[in-house]
Amino acid sequence: MKKGILERLREGPVLGDGGYILELERRGYVQAGPYTPEVAVEHPEALRQLHQEFLRAGADVLQALTFYASKEKLGTAGYADQVEAINRAAVRIANEVAGDQALVAGTLCLTWMYDPKEPASRAVVRRLFDEQIAIQAAEGVDFFIGETFTFLEEARQCLNAIKAAGYPAMITFTLRGPETAEGIPIGEAVRILAGEGADVIGANCGRDPERMLPLVEIMRRATPGYVGAQPIGFRTRDDLPNFTQLPEFPLALDSLTLSRAEMGAYATRARALGVNYIGSCCGSVAHHVRAMAEALGRRPPASAKSASLDRHPGIQKSRTLEEMAGRKPKSADAPRFATGDRNW
Ligand SMILES: [Zn+2]
């Protein structure tokens with residue numbers, strides 16, 4: 001029997017995985033624009049491979065790739081009749097890879113159908129969540145993550161649907177600032193969700209670690225419960241803190257990719273801030289997750305191939321990972337790696 005998510009959180013930080021949709025788009029299996037997850041039925045081997053990479057990098061949880069797999073959103077890409085097939089396949093593949101090594105999170109996200117000016121839209125989004133939850137639960141998940149919410153009310157509908165189905169719930173917002181899209185301060189939103197039974201509350205996507213953690217700190221102070229962070233692996237800016245605002249979004253983000261050192265430093269900082277679920281989102285791939293695992297003192301299977309640069313004949317100078325990323329090392333005993341300045 002696998003330990004459940006709540007038991008694992010009680011024992012210490014849980015390490016999440018990375019981003020699926022943008023990485024599978026880069027690999028040619030997801031279409032930029034709709035960003036829907038039909039890859040689960042069209043190229044299951046591609047999805048399986050990415051799950052395997054995150055598992056090998058040390059992730060405790062694999063998120064089923066059911067992002068944007070609600071009926072209305074799939075319909076915008078011509079897949080409205082495949083809601084069941086896509087949700088089922090995504091959860092099945094995540095379970096096949098996770099085995100007894102990792103937990104599988106069923107995944108729900110904003111539907112784009114919630115309209116605060118239209119009270120009837122609450123029931124519309126609730127039905128979409130109920131439909132996905134029933135399919136994913138039938139296939140078998142350990143808990144659910146509802147992510148990328150901007151409106152508290154849509155997040156509440158998702159939380160209530162998960163709780164009605166009897167599962168632990170992690171709810172995360174993609175934050176434009178210190179308020180929800182309705183203008184509710186995030187600390188207040190956290191207290192409301194905690195009061196309605198959310199087991200983990202936090203932020204995901206949109207922001208890089210540097211611009212997400214200050215908001216997660218506010219959330220941390222608002223609740224004694226579990227808090228989660230899943231920032232992106234691309235660098236954003238103080239004036240444009242969400243990557244969707246950047247001129248590089250979405251097809252020219254490559255040069256903004258954060259280094260593994262930066263993602264490792266994020267994991268360390270998140271743990272120090274009391275973040276319980278330390279994961280990542282778009283742009284964060286296997287080498288980032290491995291660096292996060294190692295920063296948390298773990299040695300996942302992929303660490304068997306972690307750097308041993310002193311065995312490279314052409315490089316001599318020793319630097320820490322942070323120095324390689326252009327930053328001063330935070331501690332004198334940070335591991336040092338040989339690195340190149342020999343003139344060839
Ligand atoms: Zn993301």
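Heavy-atom basis, side chains included; hydrogens, waters and symmetry copies ignored. We count ligands from 1, going down the list as the structure has it; atoms in each ligand are counted the same way. This chain uses plain numbering: 1 for the first residue, then up along the sequence.
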A.B. asks: Quick one: do Arg235 and Glu210 make a salt bridge, cutoff under 4.0 Å?
C.D. replies: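 Salt bridge: no.
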A.B. asks: With the Zn ion (ligand 1) as the centre, enumerate protein N/O/S atoms below 2.8 Å in chain and residue order.
C.D. replies: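 Only Cys205 SG, Cys281 SG, Cys282 SG fall inside 2.8 Å of the Zn ion (ligand 1).
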A.B. asks: How would you list, by chain and number, every residue that makes a side chain to side chain contact (heavy atoms under 4.5 Å, CB included) with Arg237, sequence neighbours excluded?
C.D. replies: Asp239, Leu240, Leu246, Pro247
A.B. asks: Identify every side-chain donor-acceptor pair in residues 70-80 under 3.5 Å, counting partners at least two apart or on other chains, and give the distances.
C.D. replies:
unit_1 : atom_1 : unit_2 : atom_2 : d
Lys73  : NZ     : Pro34  : O      : 3.0
Thr76  : OG1    : Lys73  : O      : 2.5
Tyr79  : OH     : Glu42  : OE2    : 2.8

A.B. asks: With sequence neighbours excluded, what pairs up with Ala46 under the side chain to side chain contact (heavy atoms under 4.5 Å, CB included) test?
C.D. replies: Leu24, Tyr29, Val39, His43
A.B. asks: Quick check on side chain to side chain contact (heavy atoms under 4.5 Å, CB included): which of Val61, Val104, Asp199 does Phe143 satisfy it with?
C.D. replies: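 Exactly one pass, corresponding to Val61.
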A.B. asks: Salt bridge between Glu23 and Arg27, side-chain N to carboxylate O under 4.0 Å?
C.D. replies: yes
